[in-house]
S.K.: 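The following block contains the structure, expressed as structure tokens.
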Amino acid sequence: MEDQQAREEQQVEESGEDRLAALAAERDEAVDRWKRTAADFDNFRKRALRERQELITLANERLVQDLLPILDDLERALEAAVQHQEAQLEEGVRLTHRALAALLEQNGVKEIDTSARFDPHVHEALLTQPSEAEEGSVIDVVQKGYTLGDRVVRPARVVVAAAPPESDG
């Protein structure tokens, strides 16, 4: 009987060791999967950053290619100025301005409307001035503002109408 009891204890002990070995193997496999997932995520993050940088570079390259003809136009206008051809200089600057404005418009840049009431989301009030115009309306534009898509690139700097001064009657 003692033999049988000893064999049963040995079987239980071996069974426990097998179970422990199986759990250790399962743990090692889970740790290995976790490490691989962490490495995959790190590689993904690095690849996404590299792709984003490449996209930015590509976008900048396109913008530069579009701006180079305008730079050439400015150089021609400056050469005309050296030769004292004011009429050609003025026309050259006008053409360059139109070309640059058209390029910006093609790329989604729009001038902020300043003909309406003051809007703090797109206007920057530099000062208020008493005026006969409706209070809160834009009466002068100090610097034009622009949007790119839905984002304000630069707010329009404006003078806003205040209530006219009360006259002593």
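What you are looking at is a predicted structure, and each value in this text was computed from that prediction instead of being measured. FYI, side chains are in, hydrogens and waters are out, and symmetry mates aren't considered; it's all heavy atoms of this structure.
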S.K.: For atom CD of Glu111, is the number of surrounding heavy atoms from other residues, nucleotides or ligands below 6.0 Å larger than 12?
M.R.: yes
S.K.: For the residue pair Ile139 and Ser131, establish whether any side-chain heavy-atom pair is separated by less than 4.5 Å.
M.R.: yes
S.K.: Just checking Arg154: does its CZ atom have more than 12 heavy atoms from other residues, nucleotides or ligands closer to it than 6.0 angstrom?
M.R.: yes
S.K.: Do Tyr146 and Val122 share a hydrophobic cluster (ILVMFWY, side-chain heavy atoms under 4.5 Å, transitive)?
M.R.: no
S.K.: Compare every heavy atom of Glu134 with every heavy atom of Ala161, then report the nearest pair and how far apart it is.
M.R.: CB-O, 3.5 Å
S.K.: Taking the side chain as every heavy atom from C-beta outward, state whether Ile112 and Thr147 have any atom pair closer than 4.5 Å.
M.R.: yes
S.K.: Taking only Lys NZ, Arg NE, NH1 and NH2, and the carboxylate oxygens of Asp or Glu, determine whether Glu29 and Lys35 approach each other closer than 4.0 Å.
M.R.: no
S.K.: When you measure from the side chain of Thr37 to the backbone N and O of Arg33, does any donor-acceptor pair fall under 3.5 Å?
M.R.: yes
S.K.: Any side-chain heavy atom of Gln143 within less than 4.5 Å of one from Glu124?
M.R.: no
S.K.: Is any side-chain heavy atom of Glu105 closer than 4.5 Å to a side-chain heavy atom of Val109?
M.R.: no
S.K.: Report yes if the side chains of Val159 and Thr128 come closer than 4.5 Å at any heavy-atom pair, otherwise no.
M.R.: no
S.K.: Please find the pair of heavy atoms, one from Pro155 and one from Val152, that lie closest to each other, and give the distance.
M.R.: N-CG1, 3.6 Å
S.K.: Measuring from Leu58:CG to Glu51:CD, what's the distance to the nearest 0.5 Å?
M.R.: 12.5 Å
S.K.: About how many Å separate CG of Leu23 and CZ of Arg19, when rounded to the nearest 0.5 Å?
M.R.: 4.0 Å
S.K.: Do Gln129 and Leu127 have side-chain heavy atoms sitting under 4.5 Å apart?
M.R.: yes
S.K.: With rounding to the nearest 0.5 Å, note down the distance linking OG1 in Thr96 to CD in Glu91.
M.R.: 9.5 Å
S.K.: Please answer whether the main-chain N or O of Val160 pairs with a side-chain N or O of His123 as donor and acceptor at a distance below 3.5 Å.
M.R.: no
S.K.: Are the charged groups of Lys46 and Asp42 less than 4.0 angstrom apart, N to O?
M.R.: yes
S.K.: Applying the side chain to side chain contact (heavy atoms under 4.5 Å, CB included) criterion to Leu100, which one of Ile70, Leu95, Asp73 satisfies it?
M.R.: Ile70
S.K.: Heavy-atom distance under 4.5 Å between the side chains of Asp66 and Asn107, does that happen here?
M.R.: yes
S.K.: Checking the side chain of His97 only, and the main-chain atoms of Val93 only, is there a donor and an acceptor separated by less than 3.5 Å?
M.R.: no
S.K.: Hydrophobic clustering (ILVMFWY, side-chain heavy atoms < 4.5 Å, transitive) - are Leu104 and Leu148 grouped together?
M.R.: yes
S.K.: Do Asp32 and Asp28 touch side chain to side chain, with heavy atoms closer than 4.5 Å?
M.R.: no
